[in-house]
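Here the structure is a predicted model, which is why all the values come from computation and not from measurement.
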Amino acid sequence: MKDFFDYHYYRVAKFYYKRDGADATTALISVSAVQAWIVINILLFIKELFFQDINLKKYGWIIFLIVMVGILIYNNIRYKNKYQELRNRWINENRKDKTMKGLIIILTIIFSWLLIFINLLINLFKLLFFLGTK
């Protein structure tokens, strides 16, 4: 999985290289957002399975910010000055692999955001069902 996110970082950094340079801020944000959305969705899924009675309205944003900032800091340390190293690793990648992996990265970005909306829809249906049973 680590290689997947390394590749994700590299491809986004390569795409935005003219704008971001080797700092690759956009790539850092992209990888961090995908990872954070996946972690948050896993936490929400666990909450719905085992801790349904806990109300996160008051502290949910704190947990969200801790996860997001924590992953961003971790990735900032992890990918600091790594663009050239990752570039050297994948510079000679063949066109077929590059296309397939690029598609997988795009689908992962879409899927990670889609999970949030699916989770919101599930909660909306639960709320409507709960209100409908009263």
Side-chain angles (χ1 to χ4, degrees):
M1 196 61 138
K2 196 162 116 176
D3 274 354
F4 174 76
F5 288 113
D6 286 353
Y7 188 76
H8 177 142
Y9 177 85
Y10 163 70
R11 287 293 298 270
V12 175
K14 183 179 175 189
F15 186 80
Y16 287 104
Y17 191 81
K18 286 184 180 178
R19 188 179 78 184
D20 292 350
D23 282 349
T25 305
T26 304
L28 176 68
I29 292 168
S30 177
V31 169
S32 298
V34 167
Q35 290 172 336
W37 285 131
I38 291 170
V39 169
I40 287 168
N41 275 294
I42 290 169
L43 292 174
L44 287 172
F45 182 72
I46 291 169
K47 183 234 178 248
E48 289 301 318
L49 283 179
F50 303 110
F51 307 104
Q52 293 175 355
D53 297 337
I54 295 176
N55 186 352
L56 292 178
K57 286 182 182 175
K58 198 173 197 179
Y59 301 108
W61 285 104
I62 294 171
I63 295 168
F64 173 80
L65 287 174
I66 289 170
V67 169
M68 290 295 260
V69 171
I71 289 174
L72 190 62
I73 290 169
Y74 169 79
N75 283 331
N76 191 36
I77 293 166
R78 174 165 172 61
Y79 293 114
K80 187 105 176 142
N81 301 319
K82 294 282 177 140
Y83 175 75
Q84 289 301 325
E85 178 185 322
L86 296 173
R87 181 179 180 273
N88 292 338
R89 187 170 167 190
W90 284 298
I91 191 71
N92 295 321
E93 179 179 36
N94 70 48
R95 188 174 182 89
K96 183 181 175 187
D97 287 345
K98 187 177 181 178
T99 302
M100 188 60 125
K101 289 178 183 177
L103 182 62
I104 292 170
I105 289 170
I106 290 168
L107 291 174
T108 304
I109 292 168
I110 292 168
F111 180 71
S112 68
W113 285 91
L114 193 62
L115 282 174
I116 293 295
F117 295 110
I118 290 170
N119 198 341
L120 288 171
L121 284 174
I122 289 170
N123 285 323
L124 180 64
F125 286 127
K126 282 173 51 179
L127 180 64
L128 292 174
F129 178 75
F130 178 74
L131 290 175
T133 58
K134 278 193 166 187

*Asks:* Working to the nearest 0.5 angstrom, can you tell me the gap between Tyr16 OH and Thr26 OG1?
*Replies:* 6.0 Å
*Asks:* Transitively linked via ILVMFWY side-chain contacts under 4.5 Å: Leu72 with Val34?
*Replies:* yes
*Asks:* Answer with yes or no whether the hydrophobic clustering places Ile104 together with Ile110; edges join I, L, V, M, F, W, Y residues whose side-chain heavy atoms lie under 4.5 Å apart.
*Replies:* no
*Asks:* At their closest point, which heavy atom of Ser30 faces which heavy atom of Ile109, and how far apart are they?
*Replies:* OG-CD1, 3.9 Å
*Asks:* Is it true that Ile29 and Phe111 fall in one hydrophobic cluster, defined by side-chain heavy atoms closer than 4.5 Å?
*Replies:* no
*Asks:* Taking all heavy atoms of Ala27 and all of Ala13, pick out the closest pair and write down the distance.
*Replies:* CB-N, 3.5 Å
*Asks:* To the nearest 0.5 angstrom, please state how far the CG atom of Asn88 sits from the OH atom of Tyr83.
*Replies:* 9.5 Å
*Asks:* Would you compute the distance between atom CG of Leu44 and atom CD1 of Ile116 and round it to the nearest 0.5 angstrom?
*Replies:* 6.5 Å
*Asks:* Go through Asp6 and Tyr79 one step at a time and tell me if the side chain to side chain donor-acceptor pair (under 3.5 Å) criterion holds.
*Replies:* CA-CA 8 Å; Asp6 286 353; Tyr79 293 114; 2.8 Å; yes
*Asks:* According to a hydrophobic-cluster definition based on side-chain heavy atoms being under 4.5 Å apart (Ile, Leu, Val, Met, Phe, Trp, Tyr only), do Ile63 and Ile42 belong together?
*Replies:* yes
*Asks:* I'd like to know whether CZ of Phe15 has more than 12 heavy-atom contacts from other residues, nucleotides or ligands below 6.0 angstrom.
*Replies:* no
*Asks:* Heavy atoms only: give me the nearest Asn75-Ser32 pair and the separation to one decimal.
*Replies:* ND2-OG, 3.0 Å
*Asks:* Kindly indicate whether the side chain of Ile40, heavy atoms from C-beta on, has any atom under 4.5 Å from the side chain of Phe64.
*Replies:* yes
*Asks:* Could you give the distance from OH (Tyr17) to CG (Asp23), rounded to the nearest 0.5 Å?
*Replies:* 9.5 Å
*Asks:* If you count heavy atoms of other groups shown closer than 6.0 angstrom to NZ of Lys101, is the number above 12?
*Replies:* yes
*Asks:* Less than 3.5 Å apart, which donor and acceptor atoms pair up between the side chains of residues 89-98 and the rest of the protein, not counting sequence neighbours?
*Replies:*
from  : atom 1 : to    : atom 2 : distance (Å)
Arg89 : NH2    : Asp3  : OD1    : 2.5
Arg89 : NH2    : Asp3  : OD2    : 3.1
Glu93 : OE1    : Tyr7  : OH     : 2.7
Glu93 : OE2    : Tyr7  : OH     : 2.9
Asn94 : OD1    : Lys96 : N      : 3.2
Asn94 : OD1    : Asp97 : N      : 2.7
Asn94 : ND2    : Asp97 : OD2    : 3.3

*Asks:* For the hydrophobic clusters of this structure (ILVMFWY residues joined by side-chain heavy atoms under 4.5 Å, transitively), does one cluster hold both Ile38 and Phe117?
*Replies:* yes
*Asks:* Name all residues meeting the side chain to side chain contact (heavy atoms under 4.5 Å, CB included) criterion together with Ile118; count only those two or more places apart in sequence or in a different chain, and write none if there are none.
*Replies:* Leu114, Ile122
*Asks:* Closest approach of Val67 and Leu43, non-hydrogen atoms and distance?
*Replies:* CG2-CD1, 4.1 Å
*Asks:* Please report the interatomic distance OH(Tyr9) to NZ(Lys14), rounded to the nearest 0.5 Å.
*Replies:* 14.5 Å
*Asks:* For Ile77, which residues count as a side chain to side chain contact (heavy atoms under 4.5 Å, CB included) partner, sequence neighbours excluded?
*Replies:* Ile73
*Asks:* Once rounded to the nearest 0.5 Å, what's the spacing between atom NE2 of His8 and atom OG1 of Thr108?
*Replies:* 8.0 Å
